[in-house]
Enquirer: 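Before we start, here is the structure in question, set down as structure tokens.
In what follows, every heavy atom counts, from backbone to side chain, and hydrogens, waters and symmetry copies are set aside. These numbers come from a predicted model, not from an experiment. This chain uses plain numbering: 1 for the first residue, then up along the sequence. Just so you know, ligand 1 is whichever comes first in the structure, and atom 1 is the first atom listed for that ligand.
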Amino acid sequence: MGFATIAIHTGQEPDATTGSVTVPIYQTSTYAQEALGKNKGYEYARTQNPTRAALERNIAALEGAKFGFAFASGMAAIDATLRLVKAGEHVVVSDNTYGGTSRLFTKILANYNVEFDFVDTSDALNVEAAIKHNTKMVFVETPTNPVMIVTDLLEVSEVAHRTGARVVCDNTFMSPYLQRPLEFGVDIVVHSTTKYLNGHSDGVGGIVVLNNEEDAAWIGFVQNSAGAILSPFDSWLVMRGTKTLALRMEQHDKSGRAVAAFLEEHPKVSKVYYPGSTSHPQHALALRQQHGFGGMVAFDVGSFAAARTVLETVKLCTLAESLGGVETLISHPATMTHASVDEEKRERLGITEGLVRISVGIEDTDDIIADLDQALDNI
Ligand SMILES: *Cc1c(COP(=O)(O)O)cnc(C)c1O
């Protein structure tokens, strides 16, 4: 079965009792038991909920995985994944990962004697050099937020597996339509479903998918024990989202390419970050590893004042954090998503005061470009 067919049907079969074509929202906290010790496989809704289970099957299938676990947010999904690592163990992480991820690792999990090293994972040799006897996990994000650095998943998986470390990939920016990390040897995929999977900027959620049974059993145990589960309604929203994921990603990709090409030619723009551009240093790798380039584009207009002018004079684009929705969102990483990253590191990564990030939506491409054009003219 093709991707769009799986998206619409796997986990999303008509309801067995009523024939309801959409999976019902099982809004319940508990389930009536027929007799003592006899139930229909459902006891309490933190542990099992049919709506959440349907979503977990759906996204696992889209990533080519056996198991899925849905959480209340992308961060809760990442936190649960890190519970595979114990005190005294070591994790290698992409050095410009999502700001919330580095905050969770350095400000919270580091307090429990888990050790983190942040390296530029775009070169697998850096990962190899950082691996120690106690390294249990390599956590990568590709492409990274917001400067779109690509990591070679095949090479990093090879390096990590030599010492038995698991590889986790945050696939939020691509969605399974554009990139399926498990095909390259990655062990665990995490998503903020808040972004492309839900796709309509109306819910927060996260998911972990994987094939290893032992690790899956542990993540399931953590999901039930710590309890940061996705609600039935939010699970249902994400399932509605994945039904159109293929179509939406096609359009995000098409407009993303057009917006990047427009920005590359614009005299007020000094630099464009988009793996689909032939000027991107890892364009060839992106072509090999991804099935497209998506809707995330970052560009530099040289100064804070110029960035502010663009951000405050766009009319169609909405100034907001987040990404992956149908509407075009525009943001300022240095003061918004990456404000918690220290200034020296921001400069090193290229997250300058003049950097602007766009999540290109699925409005008409010409309207998005016309809006950016009039905003850039105000600089
Ligand atoms: C948004 C995001 C997260 C965090 O997800 P939440 O749903 O906001 O908790 C993690 N990783 C990436 C790449 C993201 O964009």
Side-chain angles (χ1 to χ4, degrees), residues 52 55 59 63 68-82 91 93-109 118 121-122 137 139-151 153 168-179 181 186 188-209 223 226 228-231 233-235 237-238 241-242 249 252 256 273 275 290 293-298 320-325 329-333 336-341 349 351 357-361:
R52 192 177 80 224
L55 171 70
I59 298 181
E63 286 284 3
F69 300 93
F71 291 88
S73 69
M75 289 322 306
I78 293 170
D79 185 53
T81 304
L82 266 289
V91 182
V93 192
S94 289
D95 74 350
N96 85 331
T97 189
Y98 176 72
T101 302
S102 51
R103 182 176 58 195
L104 171 70
F105 291 1
T106 60
K107 303 258 161 66
I108 299 180
L109 298 175
F118 290 80
T121 57
S122 68
M137 186 178 279
F139 188 102
V140 300
E141 198 179 307
T142 180
T144 55
N145 181 17
V147 290
M148 309 305 286
I149 296 168
V150 182
T151 286
L153 295 173
V168 180
C169 178
D170 182 335
N171 199 25
T172 301
F173 265 40
M174 288 283 95
S175 88
Y177 185 71
L178 296 179
Q179 176 171 276
V186 166
I188 301 173
V189 172
V190 295
H191 279 280
S192 165
T193 61
T194 313
K195 316 296 168 52
Y196 288 108
L197 289 170
N198 184 56
H200 294 72
S201 307
D202 52 12
V204 172
I207 194 142
V208 182
V209 303
Q223 184 192 41
I229 47 162
L230 192 63
S231 76
F233 179 61
D234 287 314
S235 299
L237 275 179
V238 181
T242 60
M249 292 317 295
H252 283 297
Y273 298 89
Q290 304 171 190
F293 309 103
M296 297 307 298
V297 184
E321 294 203 8
S322 200
L323 60 108
L329 300 180
I330 192 160
S331 68
H332 188 242
M336 294 168 73
T337 49
H338 287 64
S340 64
V341 178
L349 296 171
I351 306 170
R357 187 188 84 177
I358 328 173
S359 168
V360 178

Enquirer: Minimum heavy-atom separation for Thr142 and Leu153, please, with both atom names.
Expert: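 Minimum heavy-atom separation between Thr142 and Leu153: CG2-CD2, 3.8 Å.
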Enquirer: For residues Met174 and Met249, report the shortest heavy-atom separation together with the two atoms involved.
Expert: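 So the two residues come closest at O-CE, 3.6 Å.
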Enquirer: Are any of the N or O atoms of Phe173 closer than 3.5 Å to those of ligand 1?
Expert: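 It does not: no N or O of Phe173 is found under 3.5 Å from an N or O of ligand 1.
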Enquirer: Return the minimal non-hydrogen interatomic distance between Leu55 and Ile207, and the atom names on each side.
Expert: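 Here Leu55 and Ile207 meet closest at O-CD1, 4.4 Å.
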Enquirer: Is there any N or O on Ile78 that sits under 3.5 Å from an N or O of ligand 1?
Expert: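 No - when backbone and side-chain N and O of Ile78 are compared with those of ligand 1, no distance drops under 3.5 Å.
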Enquirer: Counting each atom of ligand 1 from 1 as listed, which ones have a heavy atom of Gly205 under 4.0 Å away?
Expert: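 The list of qualifying atoms is 7 (O).
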Enquirer: Suppose I only count heavy atoms of Glu141 and a 4.0 Å limit; which atoms of ligand 1 are within that range?
Expert: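 Those of ligand 1 that fall under 4.0 Å from Glu141 are 13 (C).
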Enquirer: Is there a side-chain contact (heavy atoms from CB on, under 4.5 Å) between Ile149 and Asn96? Walk through the geometry before answering.
Expert: CA-CA 8 Å; Ile149 296 168; Asn96 85 331; 4.2 Å; yes
Enquirer: As an exercise, identify every atom of ligand 1 less than 4.0 angstrom from a heavy atom of Leu323.
Expert: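 Near Leu323, the atoms of ligand 1 are 15 (O).
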Enquirer: Under 3.5 Å, is there a donor-acceptor pair between the Glu141 and Ser94 side chains?
Expert: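 Judged by distance alone, the side chains do not pair up.
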Enquirer: Considering non-hydrogen atoms of the protein only, which is the closest contact for atom 4 (C) of ligand 1, and what is the distance?
Expert: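 Atom 4 (C) of ligand 1 sits closest to the protein heavy atom Tyr98 CE2, 3.4 Å.
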Enquirer: Looking at atom 2 (C) of ligand 1, what's its closest protein heavy atom, distance included?
Expert: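 It is Lys195 NZ, 2.5 Å.
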Enquirer: Within ligand 1, which atoms have a heavy atom of Gly74 less than 4.0 Å away?
Expert: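 Near Gly74, the atoms of ligand 1 are 5 (O), 6 (P), 7 (O), 9 (O).
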Enquirer: Could you work out, for atom 13 (C) of ligand 1, the closest of Thr193, Thr101, Asp170, Val190 by heavy-atom distance?
Expert: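 That would be Asp170.
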Enquirer: Just jot down the ligand 1 atoms closer than 4.0 angstrom to any heavy atom of Ser73, in number order.
Expert: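 So the answer, numbered in order with elements, is 7 (O), 9 (O).
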Enquirer: Taking it one step at a time, do Phe118 and Thr106 satisfy side-chain contact (heavy atoms from CB on, under 4.5 Å)?
Expert: CA-CA 10 Å; Phe118 290 80; Thr106 60; 3.5 Å; yes
Enquirer: Less than 4.5 Å apart, side chain to side chain, heavy atoms only: is that true for Phe139 and Thr101?
Expert: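 A side-chain contact exists here, since the closest heavy-atom pair is under 4.5 Å.
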